[in-house]
Amino acid sequence: MSDGSDAGPGSDPDGGGDPTPPPNADALPAAGSGERGVHDRLPPALRAVVPSPGRGFPAVRLAVRNLSRQRLRAALAAVGIVIGVFAVVSLGMLGTALQVAATDELGGIGNQVVVSPNAEAGVESLNDRDLSAIRRAASGRGEVIPLKATGTTASNGDRRTVAQVYGTTDPRALFGESAGAAPAYLRGGAVVGADVAEALDLSVGGTVTVESNDYHVVAILPEATAISPVQADSAVVISPGEFATTGYSQVVVRADSAADASAVADGVRERLNAREVRVSVFSLSSLLDRITEFFALLNGFLIAVAAVSLVVAGVSIFNVMLMTVSERRGEIGVLRAVGIHRTEVLRTLLVEATLLGVAGGAVGATLGLVGVLAVALSTELPVTAVFVPTNALVFAGAFGFGALVALVGGLYPAYRAATDPPVEALRG
Amino acid sequence: MTAEPSAGVPDDGTRASDASETDGASETDDGPVIVGEGVVKEYETGGETVRALRGVEFRIDPGEFVAIVGPSGSGKSTLLNVLGLLDVPTRGDVRLQGTDVSTFSDTERTRRRKEVVGFVFQSFHLVPTLTAVENVEIPRLLDRTPAATRETACDLLDRMGLADRLDHYPDELSGGQKQRVAIARSLVNDPDLLLADEPTGNLDRETGDRILAEFERITDEGVGVVTVTHDDYVAEFADRTVHLVDGDVFADPAEAR
């Protein structure tokens with residue numbers, strides 16, 4: 001009877017409806033089941049399905065907890081990732097920024113194709129047929145600017161200087177916006193380059209004499225900064241009608257892109273140089289391609305060197321996880337014995353390793369960005385060259401690679417722990 | 001080969017005697033928790049084959065308290081591991097609640113361990129960085145029902161008389177308290193079979209009595225309890241004692257000789 005009253009409070013709510021008198025063996029299993037939570041009453045199949053969506057969360061919580069057990073060790077392992085990601089981000093972003101800045105500096109020259117007569121083949125100038133062939137080759141790919149040019153002496157009173165005289169209908173296309181609108185100089189005006197203007201002491205409204213013809217100066221070009229097929233600083237640009245010759249000494253094609261430029265260059269060669277080499281075609285796009293290639297190579301090399309440090313960090317995570325796993329062998333054996341699945345053990349340990357990478361990667365990437373910005377602000381490197389889409393990729397890529405390296409570093413230790421037979425693990 | 005029939009005889013004897021004691025429980029429940037027939041476990045050690053179990057028979061009914069005794073090296077731990085699905089027998093038939101365990105995949109075995117079996121390990125095996133209540137929660141650690149788990153764990157610790165020790169770490173608990181935490185942990189998933197390896201080892205008599213009383217309460221709820229012990233006191237307390245000598249089971253120690 002004393003046994004029965006012991007169990008009474010537990011069994012009453014559930015077993016009360018049972019008509020049979022409650023001898024121990026009969027009533028008490030009911031009391032046992034009465035104590036089960038709602039979760040346990042679910043059919044096993046449902047129980048297996050229901051918890052699965054949120055299982056990642058306890059794994060993260062557990063991983064954080066486990067990492068905090070050996071704070072210093074975890075921090076040191078993460079520092080490896082910090083250094084690696086920092087190196088990749090800073091070098092990668094700096095390389096990209098340099099490349100962007102250099103490409104800006106070189107300006108649009110990569111998009112230009114310069115077609116000139118081939119003097120060796122006896123071609124002295126390009127005729128209208130050549131020009132229309134070039135126009136066909138460049139149709140839809142860019143702007144064609146026929147150019148007459150000759151080297152001669154320009155003077156202003158007593159002052160004289162050697163100048164490159166260009167004849168073109170649209171000086172802005174080659175010499176920039178400061179050359180002003182065409183109509184002004186087409187009526188006896190001239191645009192003068194910076195060196196010529198200085199040598200002849202010219203200013204807008206002055207007069208420059210070229211081969212005994214006077215032209216009034218409508219614009220003075222600023223000093224050239226970008227590389228260009230025309231010598232802008234020593235230029236005197238006048239209307240092509242002022243030239244005695246009918247042919248063109250050069251045709252410049254300003255293509256819409258570097259790819260268009262090489263297509264135009266090929267097209268011109270095909271059309272004009274099929275039988276004899278009438279023209280020489282000079283495209284700067286190949287030069288720019290080389291420059292870009294060089295920068296890409298340099299950048300790739302720097303990132304590769306930095307990536308090596310990340311791999312080393314991965315090895316240190318591997319080492320730390322291996323230590324952790326062997327220290328916790330018995331504990332993991334208990335987990336496995338009491339029904340934590342192999343995959344759950346694996347996942348928890350992988351989350352642990354990956355967390356090191358994520359934390360280290362976040363810190364490293366942030367430090368790298370700050371470092372690159374500091375460099376940009378303290379040098380001539382424009383900050384705008386840092387904020388380009390490629391660098392977003394470098395940033396995210398380095399962070400992701402850091403996390404991945406940590407994950408890979410944790411794979412084998414986690415696998416080993418998860419597949420360790422619990423009996424062995426518990427034995428010691 | 002002679003081991004099997006000799007092991008079979010005492011088993012039949014114990015089965016008959018059990019039937020009278022646990023009749024009520026086994027009628028309401030669906031038969032024995034775990035049954036083994038001709039269970040052989042061999043290990044390869046340094047090229048030699050060690051037979052830890054030589055064709056043993058066993059049967060654990062709900063609500064039964066069985067003590068396994070025997071000298072060290074007799075295969076007690078191996079038998080406990082087989083019962084707890086931690087180890088697979090080399091040969092022989094083991095049926096857990098009517099299902100042949102050899103048909104279980106590793107995943108399935110892990111799931112059954114979680115749902116059917118409760119372990120009380122030798123030397124407790126509490127996780128030192130987790131509090132008492134967290135240690136109890138371990139089997140459900142990755143379930144998505146933390147609130148329900150916490151409630152169950154607190155209830156169990158309360159039942160073990162440790163309601164005021166929930167947030168204590170293992171090094172702040174006495175041996176008996178640790179053992180009770182370990183028992184609470186083994187009960188968190190409402191097992192049908194509780195396996196305890198030396199549950200009273202290193203404990204004073206009074207604490208041991210408390211643990212045994214707890215086991216009795218558990219068996220009253222229809223849980224089959226199997227304990228490996230060196231302690232004759234525990235063996236006397238059990239419904240049935242199984243003697244394991246050199247991998248064979250005997251109901252009576254005299255038979256072993």
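Letters go in sequence order (proteins before strands), and every chain restarts at 1.
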### Structural part of B:Arg185 lying under 4.5 Å from a heavy atom of chain A
side chain
#### Entry: Options B:Thr78, B:Thr219, B:Ile218, B:Leu141, ranked by heavy-atom pairs under 4.5 Å with chain A, top entry
B:Leu141
### Query
If you draw a 6.0 Å radius around CZ in B:Phe104, do more than 12 non-hydrogen atoms from other residues or ligands fall strictly inside?
yes
### Query
What is the minimum heavy-atom distance between A:Arg65 and B:Thr129, and which atoms define it?
NH2-O, 3.9 Å
### Query
Out of A:Glu344, A:His341, A:Arg342, which residue meets the side-chain contact (heavy atoms from CB on, under 4.5 Å) rule with B:Thr110?
A:His341
### Query
chain B heavy atoms under 4.5 Å from A:Thr348: which part of the residue, side chain, backbone, both or neither?
side chain
### Message
Measuring from atom CZ of A:Arg69 to atom CG of B:Leu130, what distance do you get when rounded to the nearest 0.5 angstrom?
### Response
7.0 Å
### Message
Taking atom CD as the centre, does B:Glu48 end up with more than 12 heavy-atom neighbours from other residues, nucleotides or ligands that are less than 6.0 angstrom away?
### Response
no
### Main-chain N/O of A:Ala337 paired with B:Arg113 side-chain donor or acceptor, under 3.5 Å
yes
### Message
To the closest 0.5 Å, what do you measure between CD1 (B:Ile138) and CD (A:Glu331)?
### Response
7.0 Å
### Query
In Å, rounded to the nearest 0.5 Å, how long is the span from CD1 of A:Ile340 to CG of B:Asp143?
7.0 Å
## Note on the structure
side-chain hydrogen bond (donor to acceptor under 3.5 Å, both in side chains) pairs touching residues 71-81 of chain A, sequence neighbours excluded, are A:Arg73-A:Thr324, A:Arg73-A:Glu327
### Message
Measuring only between side-chain heavy atoms, which start at C-beta, is B:Phe121 closer than 4.5 Å to A:Val338?
### Response
yes
#### Entry: Sorted by number, residues from residues 83-92 of chain B in contact with chain A (heavy atoms, under 4.5 Å)
B:Leu86, B:Asp87
#### Entry: Rounded distance [0.5 Å steps], CZ in A:Arg336 versus CZ in B:Arg109
8.5 Å
